[in-house]
Amino acid sequence: MPYTAEISRTNPGCFIFLVDQSASMSDPMVSGERTQARAEVVSDAINRLLTELSVKCAKEEGVRDYFHVAVIGYGHNHVGSAFQGALAGRDLVPLGEVANNPARVESRTKKVPDGAGGLVETSVQFPVWMDPVTNGGTPMTRALGYADSLVANWVEAHPSGFPPIVLNLTDGESTDGDPTSAAISLASHATADGAVLLFNLHVSGSGGTPVTFPDTEEGLPDTYARLLFQMSSVLPSHMRSYAASQGHRVGETTRGFVYNADITSIVEFLDIGTRATELR
Amino acid sequence: MAVSRGGRPATGTGGSRRFPTGANYAEALQHPELCFRDPDLRDGSVRQSPVLGPKAISGNFASVFSVTAQDGQRYALKCFTRDTSSIGTRYAAISAALGALDPGALSQPWPVRFEFLEQGVLALGDWFPVVKMAWVQGTDLLTWIERHRQDTAAVRALADRFLAVARDLEDHGIAHGDLQHGNILVAADGTLRLVDYDGMYVPALKGVAATENGHRNYQSPRRTAADFGPAMDRFSAWLIHLSLVAVATDAGLWTQLHDDQGEYLILSEADFTDPATSLAWPLLLGHPDERLRAEAERVHGFLGQRCSALPRLTAAAVPPPASRTGQKRTKRSPAPPVAAGAGAPAPAAPRTPGTPTGRAIPAWMAGRVGTGGTAVPAAATATAGAGAAPGSSATAGPAVTAAPAAVAPFAGRRPADLLAAATAVLGTAAPGVLTVTAAPPQGFLPLAQGAALLASAAAIGLGRRRRPEHRSARRHVRGLRLRARELKDPAEVHRRLEQEIQKLDQTAAKENQASDKRIKSLQTELRDGLARITVDLNRRTDRARKRQAELPAREQRMINDALAPEIRAHIEKKLRQTSVHEARSLPNMGAKTIKALTDAGIRTAADFTGVSFAQGPGTGQRAAYFVLRSGMHVRVPGIGEGRATTLAGWRQSLEQRARVSAPATPSGPALSRIRSEIATLRAQYDGEVRQAEGKAQQDRDALQKRVADERQRLTSERQQRGVEAQRKRADLLRRQKQLAGAQTERARVAGELSAARTDTRRTLGVGRYLRFLVTGR
């Protein structure tokens, strides 16, 4: 059965984040109660995802290298590592090293429930690996090509492992042509455990209701959203089960696509150590 | 142990809710004063990671944090990240069952005290349950084995302790559900603790659904949620016990089978799902140790069995190891000859011959080396200890017992001797013969004769030296010379031998390590190689499979294409058979109208395909045109929009009816052509897939054979090396022991050496050899 390979230090997984850093990402969008630039929403999502992955893979002695992670930015004349600080310029980095090297740890104020029905303002530590950048066009096709070469090397070196997961975070407005064929080529790489998984997080100002893991493009607000939906891989069955256990309605054709909603929960879809189980 | 109730039921009602993630908890725990209600936790301090805030230890269902209360008590706080159904009721049942255990009746204090707090932690604006457990000081099983694997006795003791824990669980109808290295901790006193009770079964949970199936590298591939029950630990229990027994028996197995980054002991999921390609099983099933082999065979036999059908892990099921039951062994077999025959002087002589002794100068040498005096009894002691035959003379050194009593004379001529004799005779005679038959230059004969004599002497010397008698005599002399040298400075020689032994051990260890590593890397090589073959196979068959899946649709398309002209012809025929005169039955359709139609060339329903309308000039009326088969539009006098529409409808309904009666399947030949074309394609795709699969299977077999052969070779080389090293070691030890009684021995060896030399010269001299060549005696 595909997508059941063990994820461990001897069989590490590969996570590639593609981050849209084009000028259009400076446009605002409504996220929760406040309005934020799309780029900020996306960099927050990446930083949270990296924290989430690190906590998920933390053991007594520290964060284990269950994954190797790349954060690739694409924007003005540039496709390459978006890490800042000690990891700047690097592509795939073992997770333990990622966890130990955020560019900085910010103190953010946050209102949290005080347990007695009220809210209280506190500060929370927020590790940051990348800041929002917005500049120039959206070379998404090139970015997918970049991921393609990383992935090709990875599957060559890890032919029996869990297939790489590529998560593209974008507003969808590719400026270097239709990215569909690049996406198909990327998703055609495979290990013995299955083909590469390409997921998309679409941040958009088009409004409409946030959508998480849809099984049809109907109801998506614009052509960008539909294009990204079509590019996204169908969720493997055990991931569907987790999505279902988190309250999402899923079916056979549910895809790894999220529109204007939180995608951090995708980390919970990954099984480490135990067998991929069909939850209920 | 207690389960706090109170507040609203957060879980267990069947509806799933979104639980916080590990990072959500880590964020909430940055403020224990806000996120906890429990006083210990609220005022406690949360252990921090170097960079990311509260330090988590995560599994698939929960993250665990360490909180130290103000009173210094440290707790493990388990925060759930997945909504495992009815956590609350489960933990209540588990708490009750474990609380009811009589600690005195347990083999060791393996259960860990815990408290289930329904309103444990406030995260994402909501209360979530936690399990609060006293922090267990211990080392997880994997790390423990890493550290102690060379300590055979400790590993064996741990195997026994584990067996006892398994027995405790079975006796009480409890099963842990996820026995694995991370959930088995070894306390400082060597006793075990079990942690993580999420998947635990206690009798009160009978009939409840499982929440997890345990760690993939510890569970039978056949385990399913339906196995949730008292027997679900059996596979993992046997597996862990087998692993411990294996390491205790042969620590090299750990190096060969465990990967230092691997989340398993010595066997992992692939060894269970695909035992045929496993490299681990042949090592265990073919191991020289009988007991290990027996247990490996048992566990191997469990692979195809249902989990519930497995026997419980019990001491009785495992044959006792020889080393732990010395008394029984003595009873069964008569006392070893060494103990019986060693004689009076050595009551404390080692029982097992060849047992490696200490590295320092042994006790028996202290005060004897270089002092002379009472050396003889010491030599005797050493001799007995080294396992000499019972009754052998105490004064005779081992080297002497092994040496021939006297030098054996030549006996039995061999072809080589005859050749030597012939060469000598011919060589000696050749120059004379040549001088007679040929006419050599002057002065040839004396020179040639001299050379010939030398050659003959060499032939004889060579022949003599190659005689077995001569060789063995020389060996004997060499051995004595060595002994004599050793005896000059026994302490120095002892040190040197000691070094040699150490070097030997080091070399053996190094070589073993290298081959162990290679055996381990073979497993990766096999795994990756098989995966590459699968990837390649998938790529090759993907296109064929896709096309195959499209075949039914393709067949339908071809049928439709073949049918279309037939249907068209059928309709045409039917329409042609319907004269426009039949249209008279329609309302408002007189003979005049029909005549106008036939005049315009429309005689049957087939003569027009439809009508169209155009705005007539001036009048508001629309003019009707009949569309003929040629595509021409004609006006028929007297037929306006109304009649035209009626006629078009009439024709339409005729066509509809004709379509219904049209053939649904193409004519026989056409259909069979299509069917055969599809069948050809199907066979072609099948062939492509089969061919690719066949090739993949060949590749797999070849790879497996290559890897298995190399594994086999490495293992047997390792064993040979072991035997060889053991032999060399025993030899060195023997020589070390012979150093005892150096003084007397030295004199004796010197005497024997000179005797042997003389003897050799006399018995095996050139003269004797010549006589032997001639007479054969």
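A, B, ... follow the sequence lines: proteins, then strands. Residue 1 opens every chain.
Comparing B:Asp536, B:Thr534, B:Leu52 by how many heavy-atom pairs each has under 4.5 Å with chain A, the most go to B:Leu52. In terms of non-hydrogen atom pairs under 4.5 Å with chain A, the most contact-rich of B:Leu122, B:Thr524, B:Leu530, B:Asp260 is B:Leu122. Between chain B and the options A:Pro159, A:Ser160, A:Ala99, A:Pro113, the largest number of non-hydrogen pairs under 4.5 Å is found for A:Pro159. The greatest number of non-hydrogen atom pairs below 4.5 Å with chain B, out of A:Thr122, A:Asn100, A:Thr51, is found for A:Thr122.
Nearest heavy atoms, A:Asn11 versus B:Arg527: OD1-NH1, 2.9 Å. Minimum interatomic distance between B:Ala56 and A:Val55 (heavy atoms only, all atoms of both residues): CB-CG1, 3.8 Å.
Looking at heavy atoms from C-beta onward, B:Asn60 lies in side-chain contact with A:Lys56 at the 4.5 angstrom threshold. In this structure, A:Pro127 and B:Val51 have side chains that are not in contact, with every pair of non-hydrogen atoms separated by 4.5 Å or more.
Atom CD of A:Glu121 has more than 12 heavy atoms from other residues, nucleotides or ligands within 6.0 Å. With a 6.0 Å radius and a threshold of 12 heavy atoms from other residues, nucleotides or ligands, A:Arg249 has its CZ atom at or below the threshold.
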Query raised in the report: Step by step, would you call B:Gln261 with A:Asp65 a side-chain hydrogen bond (donor to acceptor under 3.5 Å, both in side chains)?
Result: CA-CA 10 Å; B:Gln261 302 262 290; A:Asp65 296 333; over 6 Å; no
Query raised in the report: So B:Asn217 and A:Glu6, side chain to side chain contact (heavy atoms under 4.5 Å, CB included) or not? Walk me through it.
Result: CA-CA 9 Å; B:Asn217 291 328; A:Glu6 180 191 36; 2.8 Å; yes
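Side-chain atoms of A:Tyr66 and B:Glu263 form a donor-acceptor pair, as typed in the model, at a separation below 3.5 Å.
The line from CG of B:Asn24 to CD of A:Glu52 is 6.0 Å long, rounded to the nearest 0.5 Å. How far OG of A:Ser123 is from CD of B:Gln30: 7.5 Å, rounded to the nearest 0.5 Å. The distance from atom CZ of A:Arg64 to atom OG of B:Ser58, rounded to the nearest 0.5 Å, is 11.0 Å. Atom CD in B:Gln523 sits 11.0 Å away from atom OG1 in A:Thr10 (nearest 0.5 Å).
Only the side chain of B:Asp259 comes within contact range of chain A, with heavy atoms under 4.5 Å apart. Residue B:Thr21 touches chain A through both its backbone and its side chain, counting heavy-atom pairs closer than 4.5 Å. Using a 4.5 Å cut-off between heavy atoms, A:Arg48 does not touch chain B at all. At a 4.5 Å heavy-atom cutoff, the contact between A:Val124 and chain B is made by backbone and side-chain atoms alike. Heavy atoms of A:Val120 lying under 4.5 Å from chain B belong exclusively to its side chain. Proximity to chain B (any heavy atom under 4.5 Å) is shown, for A:Ala195, by neither the backbone nor the side chain.
Under the rule for a side-chain contact (heavy atoms from CB on, under 4.5 Å), the partners of A:Glu156 that lie at least two apart in sequence or sit in another chain are B:Arg532.
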